[in-house]
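Every value quoted in this text rests on a predicted model; they were computed, and no experiment measured them.
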Amino acid sequence: MSKQTHSFQAEVAQLLHLVTHSLYSNQEIFLRELISNASDACDKLRFEALNDNDLYEDAPNLEVRVAFDKDAKTLTITDNGIGMSQQEAIDHLGTIAKSGTKDFMGKLSGDQKTTASEQGQLIGQFGVGFYSGFIVADKITVESRRAGLPAQEGVRWISGGTGDFEVETITRPERGTSIILHLRDDAEEFLNAWKIKSIIGKYSDHISLPILMAKEEWKEGELINPADENGGRQPGGMVKTGEWETVNKASALWTRPKKDITEEQYQDFYKAISHDHENPLTWSHNRVEGNTEYTQLLYVPAKAPFDLWNRDKKAGVKLYVKRVFIMDDAEALMPTYLRFVKGVIDSSDLPLNVSRELLQESRDVRAIREGSTKRVLGMLEDLAKHDRHTAGEGADGVTDVVSDEDKAKEGKYTAFYAEFGAVLKEGLGEDFGNRERLAKLLRFASTQSDAVTVSFADYKARMKDGQDAIYYITADTLAAAKNSPQLEVFKKKGIEVLLMTDRVDEWALNYLQDFDGTPLQSVAKGAVDLGKLQDEAEKKAAEEAAEAFKPLLAKLKEALKDKADDVRATTRLVDSPACLVVQDDGMSTQLARMLKQAGQQAPESKPVLEVNPDHALVKKLDGSVHFHDLAHILFDQALLAEGGLPEDPAAYVKRVNALLA
């Protein structure tokens, strides 16, 4: 069959331009990506062969081979995995068939601050690692045959990394894929066995398949004068023996004893499976035995991926059964609120033909999910415990000694929470069984600390005598929370209030009514009741003011009947004339705004306007000829103070201007 020429998808063409012109800072990642793809191809064959053993043909041993030819300046990576048909080669090597492609391309090219190294990581992260070959090659030839197809239906794919690629049918007796990189002049360092072996050892040592290279031995140069042993020799060199040797450990890292694995190996394995260029924050490697047996190697990243909030993005850990790869992103093994966790779970009990649907129903999967969830929460609890632990002199004059291991954990939980705290809060509504553990891990800013480091336990330890609730306020920003009129009486009395500014807070707090027996109370819900913190004189004065204020409240309620559910005097205000609150069982105005912004229906509810009887503006209302306008201005200003907008901004401006004139 004659050659066919095809054009790359527009995104691929753009990607190839970036790869060939930008990614030079860490060239060696191309080999990591291509070996990883080769390993995946072998995993896919192993999985498909569960239902069709004939796919192994006459080569049951799966492997990856790496070879180079200095004269031809080529580097070849070959696997005997699933292979590709001609149409698959056109589809897989000519397009990026991934959701999030636009995000990927924008991330790769939009930010000039993104380093070439980070761009290289993004290539792997989006599953388009094949194109990284163009970092070092000016031409790539791919020869492949899908397992199960006849030898005559092989395919050759050739591209110089520009706008087009060629495909043609070839005869290929072996199944699998060979990627032949025609190296550029500035990439000849990769035509060196020692260099290639060092890269494989660094990035691919954990791969459970054998990675083979041609064995080389040192050979002395020939005598310059065969008749004279002392006359000198020609320069010696490494010579290929014709045999192949395994250059990686060829055993899955998680199956090895922990004592045999270095910290660097754990970190490199994480980078390989996550395509993250930073070391993980922490990890846990365990073998669980009992009714359900499995091995888990779970990592908590240091940084949140930019698509953490993309609901279409699949998340989860890699699932193996008896060391056979089953699937990436096994969502059923980890709750959604822990979707940032990376790692591997290898089960001894699940069937090899397990599907995503069966995973949802399996008792063993539920046990693995619960065990893995507890393991991740345990890692976070350990980081939180050491977060502020520092060496210092105790009350008895003895200086605490902090181990190097504990010192290494200091500050890590704060770093974790800055990246993933909002996601963790989702667990309050999703994971009833671990709600108490999650509540202890939450952190907030407060009226005593702008830093998001205050736990519920910290708050309780600082509560005033007679205080019987944990007070909090939700807002869009820290500034809006700190300056809310609803905090005035709490500031006056020195009562700490937690400041919650994540969008998820309103939803999550619906599932947490108390902490360790102490109820949580929003300062923006219901009438303020400071209980024992308010003395009898204050209570009596408030009651008298409310009684004397009744006629004015009635007039305000009538004037604002279309806007306010009720109007009442309050003791929560000190400097402001008014504020808005909702009834105890009502939806907060902030949550209602968020739902509307998201295009969702929010139940129609009117807030309560609370007014400060001692404020000059409120006193001015009584008997004013502008009573109606002042009443509406009072309401709209209370709405503005909490981050909302008047229903009719033009009418608000008109009223204010009329009074100022």
Trainee: Does the plane of the ring in Trp283 sit parallel, tilted or perpendicular to the ring in Tyr299? Use 30° and 60° as the thresholds.
Mentor: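 Tilted: the ring planes of Trp283 and Tyr299 meet at 30° to 60°.
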
Trainee: Can you name the closest pair of heavy atoms from Ile35 and Ser204 and give their distance?
Mentor: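 Smallest interatomic distance, heavy atoms only, reads CG2-OG, 3.8 Å.
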
Trainee: Could you tell me whether a side-chain N or O of Asp502 sits under 3.5 Å from a main-chain N or O of Val504, the two making a donor and an acceptor?
Mentor: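 No; zero donor-acceptor contacts below 3.5 Å.
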
Trainee: Any side-chain heavy atom of Phe269 within less than 4.5 Å of one from Leu297?
Mentor: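 With C-beta onward as the side chain, the pair touches.
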
Trainee: Can you see whether Asp431 engages Asn434 through a side-chain donor-acceptor pair at a distance of less than 3.5 angstrom?
Mentor: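 Per modelled atom types, Asp431 and Asn434 side chains form a pair under 3.5 Å.
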
Trainee: Mind running side chain to side chain donor-acceptor pair (under 3.5 Å) on Gln296 and Ser372 for me, showing each step along the way?
Mentor: CA-CA 8 Å; Gln296 55 185 196; Ser372 299; 3.3 Å; yes

Trainee: Please determine whether the number of non-hydrogen atoms from other residues, nucleotides or ligands lying under 6.0 Å from atom CG of Asn291 exceeds 12.
Mentor: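 12 or below, so no.
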
Trainee: For the pair Lys258 (side chain) and His285 (backbone), establish whether a donor and an acceptor sit closer than 3.5 Å, ignoring hydrogens and angles.
Mentor: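 The answer is yes, because a donor-acceptor pair under 3.5 Å joins these two groups.
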
Trainee: Please find out if less than 6.0 Å separates the ring center of Tyr337 from that of Phe420.
Mentor: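 No: the rings miss the under 6.0 Å criterion.
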
Trainee: Would you say the side chains of Glu33 and Ser132 form a donor-acceptor pair under 3.5 Å?
Mentor: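 No, no side-chain donor-acceptor pair sits under 3.5 Å.
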
Trainee: Is Leu62 close to Leu45 at the side-chain level, that is, under 4.5 Å between some pair of heavy atoms?
Mentor: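 Yes, side chains in contact.
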
Trainee: Within a 6.0 Å radius of atom NZ on Lys197, are there more than 12 heavy atoms belonging to other residues, nucleotides or ligands?
Mentor: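 Count over threshold, so yes.
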
Trainee: Given side chains that start at C-beta, do those of Lys460 and Asp516 come closer than 4.5 Å, heavy atoms only?
Mentor: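 The answer is yes; the side chains approach within 4.5 Å.
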
Trainee: Taking C-beta and beyond as the side chain, do Leu55 and Arg175 meet within less than 4.5 Å on heavy atoms?
Mentor: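 No. Closest side-chain heavy atoms not under 4.5 Å.
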
Trainee: Just wondering, are more than 12 heavy atoms of other shown residues or ligands nearer than 6.0 Å to CD in Glu263?
Mentor: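 Open.
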
Trainee: Quick one: are Lys303 and Glu278 in side-chain contact, heavy atoms under 4.5 Å?
Mentor: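 Yes. Closest side-chain heavy atoms under 4.5 Å.
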
Trainee: Before you tell me yes or no, could you show the steps for Asn286 and Ser284 under side chain to side chain contact (heavy atoms under 4.5 Å, CB included), namely the whole-Å CA-CA distance, both residues' side-chain angles and the distance that decides it to 0.1 Å?
Mentor: CA-CA 7 Å; Asn286 300 279; Ser284 179; 2.6 Å; yes

Trainee: Which atom pair, heavy atoms only, marks the closest approach of Trp244 to Val66?
Mentor: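 It is CZ3-O, 3.9 Å.
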
Trainee: Any salt bridge linking Asp387 with Lys412? Criterion: basic side-chain nitrogen under 4.0 Å from a carboxylate oxygen.
Mentor: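 Salt bridge flag = no for Lys412 with Asp387.
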
Trainee: We want to know whether Glu506 and Thr474 form a side-chain donor-acceptor pair, criterion being a heavy-atom distance below 3.5 angstrom.
Mentor: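 Yes, side-chain donor-acceptor contact under 3.5 Å.
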
Trainee: Taking 4.0 angstrom as the limit, do Asp382 and Lys409 come out as a salt bridge?
Mentor: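 Lys409 and Asp382: salt-bridged.
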
Trainee: Can Arg339 and Glu426 be counted as an ion pair, charged N to O under 4.0 angstrom?
Mentor: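 Yes, this pair counts.
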
Trainee: Just do the side chain to side chain contact (heavy atoms under 4.5 Å, CB included) check on Trp254 and Ile261 with the steps written out, would you?
Mentor: CA-CA 9 Å; Trp254 63 89; Ile261 308 173; over 6 Å; no

Trainee: Please check: side-chain N/O of Asn80 versus main-chain N/O of Asn61, any donor-acceptor pairing under 3.5 Å?
Mentor: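 Judged by distance alone, yes, a pair lies under 3.5 Å.
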
Trainee: Determine, stepwise, if the pair Ile196 / Met213 fulfils side chain to side chain contact (heavy atoms under 4.5 Å, CB included).
Mentor: CA-CA 9 Å; Ile196 295 170; Met213 287 185 65; 3.7 Å; yes

Trainee: Nearest 0.5 Å please: distance from the CD atom of Glu381 over to the CG atom of Leu438.
Mentor: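 Answer for the CD-CG pair, Glu381 versus Leu438, is 8.5 Å.
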
Trainee: Is Gln513 reaching over with its side chain to a backbone N or O of Asn510, donor-acceptor style, under 3.5 angstrom?
Mentor: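 At least one qualifying donor-acceptor pair exists.
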
Trainee: I need the Asp268 CG to Leu253 CG distance, nearest 0.5 Å.
Mentor: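 These two atoms lie 9.5 Å from each other.
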
Trainee: Do the side chains of Arg145 and Glu153 get close enough for a salt bridge, i.e. N-O under 4.0 angstrom?
Mentor: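 Salt bridge flag = no for Glu153 with Arg145.
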
Trainee: As a quick check of understanding, evaluate side chain to side chain contact (heavy atoms under 4.5 Å, CB included) for Leu441 and Tyr413, giving each step before the final call.
Mentor: CA-CA 9 Å; Leu441 289 168; Tyr413 190 72; 3.2 Å; yes

Trainee: Consider only side-chain N and O atoms of Tyr270 and Asn279, and report whether a donor and an acceptor are under 3.5 Å apart.
Mentor: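 No, because no side-chain N or O of Tyr270 sits under 3.5 Å from a partner of the opposite role on Asn279.
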
Trainee: Would you find a donor on one side and an acceptor on the other, under 3.5 Å apart, between the side chain of Asn248 and the backbone of Ile200?
Mentor: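 Flag not set: sc Asn248 to bb Ile200 has no pair under 3.5 Å.
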
Trainee: Looking at Phe456, Tyr472, Tyr417, which hits ring-ring contact (aromatic ring centres under 6.0 Å, His included) with Phe444?
Mentor: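 Testing each of Phe456, Tyr472, Tyr417 against Phe444, the sole residue satisfying ring-ring contact (aromatic ring centres under 6.0 Å, His included) is Phe456.
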
Trainee: Using modelled atom types and a 3.5 Å cut-off, is there a donor and acceptor pairing between side-chain atoms of Ser455 and backbone atoms of Lys440?
Mentor: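 No.
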
Trainee: Is the number of heavy atoms from other residues, nucleotides or ligands under 6.0 Å of Glu245 CD greater than 12?
Mentor: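 Enclosed: over 12 neighbouring heavy atoms sit under 6.0 Å from CD of Glu245.
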
Trainee: To check you understand the geometry: which heavy-atom pair defines the closest contact between Ser208 and Ala252, and what is its length?
Mentor: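 Looks like CB-N, 3.7 Å.
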
Trainee: Got a salt bridge between Glu293 and Arg287, using NZ or NE/NH1/NH2 to carboxylate O under 4.0 Å?
Mentor: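 Yes.
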
Trainee: Check this for me, if you would: do Arg375 and Glu370 make a salt bridge, where the nitrogen-to-carboxylate-oxygen distance has to be below 4.0 angstrom?
Mentor: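 Result for this pair is no, no salt bridge flagged.
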
Trainee: Evaluate the ring planes of Phe190 and Phe30, with Trp represented by its six-membered ring, and classify them as parallel (under 30°), tilted (30 to 60°) or perpendicular (over 60°).
Mentor: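 Aromatic pair Phe190/Phe30 classed perpendicular.
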
Trainee: Taking all heavy atoms of Thr78 and all of Ser178, pick out the closest pair and write down the distance.
Mentor: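 The answer is OG1-OG, 3.0 Å.
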
Trainee: For the CD atom of Glu174 and the CZ atom of Arg172, what is their distance to the nearest 0.5 Å?
Mentor: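 CZ of Arg172 is found 5.5 Å from CD of Glu174.
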
Trainee: Distance check, rounded to the nearest 0.5 Å: Lys195 atom NZ versus Leu31 atom CG?
Mentor: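 Here the rounded value is 10.0 Å.
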
Trainee: Quick one: does Met334's side chain get under 4.5 Å of Leu298's, heavy atoms only?
Mentor: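 Yes - at least one pair of side-chain heavy atoms lies under 4.5 Å apart.
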
Trainee: Just wondering, do Pro280 and Val300 contact through their side chains at under 4.5 Å, heavy atoms?
Mentor: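 No, every pair of side-chain atoms sits at 4.5 Å or beyond.
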
Trainee: For the pair Trp157 and Phe130, name the ring-plane relationship: parallel under 30°, tilted 30 to 60°, perpendicular over 60°.
Mentor: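 Trp157 vs Phe130 ring planes: perpendicular.
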
Trainee: Supply the atom-to-atom distance Ser36 OG to Ile273 CD1, rounded to the nearest 0.5 angstrom.
Mentor: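 Taking OG in Ser36 and CD1 in Ile273, the distance rounds to 10.5 Å.
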
Trainee: Look up atom CG in Leu209 and atom CG in Asp43, then write down how far apart they are to the nearest 0.5 Å.
Mentor: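 Answer for the CG-CG pair, Leu209 versus Asp43, is 6.0 Å.
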
Trainee: Between Tyr131 and Phe134, is the ring centroid distance below 6.0 Å?
Mentor: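 Distance test on ring centres: not under 6.0 Å, no.
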
Trainee: Heavy atoms, side chains only, cut-off 4.5 Å: are Ile345 and Thr295 in contact?
Mentor: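 No, side chains not in contact.
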
Trainee: Any donor-acceptor pair under 3.5 Å linking the side chain of Glu88 with the backbone of Ser85?
Mentor: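 Side chain of Glu88 to backbone of Ser85, a donor-acceptor pair under 3.5 Å: yes, one is there.
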
Trainee: Indicate yes or no for a side-chain donor-acceptor contact from Thr373 to the backbone of Arg369 under 3.5 Å, with no hydrogens or angles considered.
Mentor: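 Flag set: sc Thr373 to bb Arg369 pair under 3.5 Å.
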
Trainee: I'd like to know if the side chain of Arg435 reaches the main chain of Tyr511, judged simply by a donor and an acceptor atom lying under 3.5 Å from each other, with no hydrogens or angles considered.
Mentor: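 Yes; judged by distance alone, with no hydrogens or angles, the pair exists.
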
Trainee: When you measure from the side chain of Glu419 to the backbone N and O of Ala304, does any donor-acceptor pair fall under 3.5 Å?
Mentor: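 Present.
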
Trainee: Ignoring hydrogens, what is the shortest heavy-atom contact between Cys42 and Asp79? Give both atom names and the distance.
Mentor: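 Between these two residues, the closest heavy atoms are SG-CB, 4.1 Å.
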
Trainee: Search all heavy atoms of Thr292 against all heavy atoms of Asp349 and return the closest pair with its distance.
Mentor: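 Looks like CA-OD2, 3.2 Å.
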
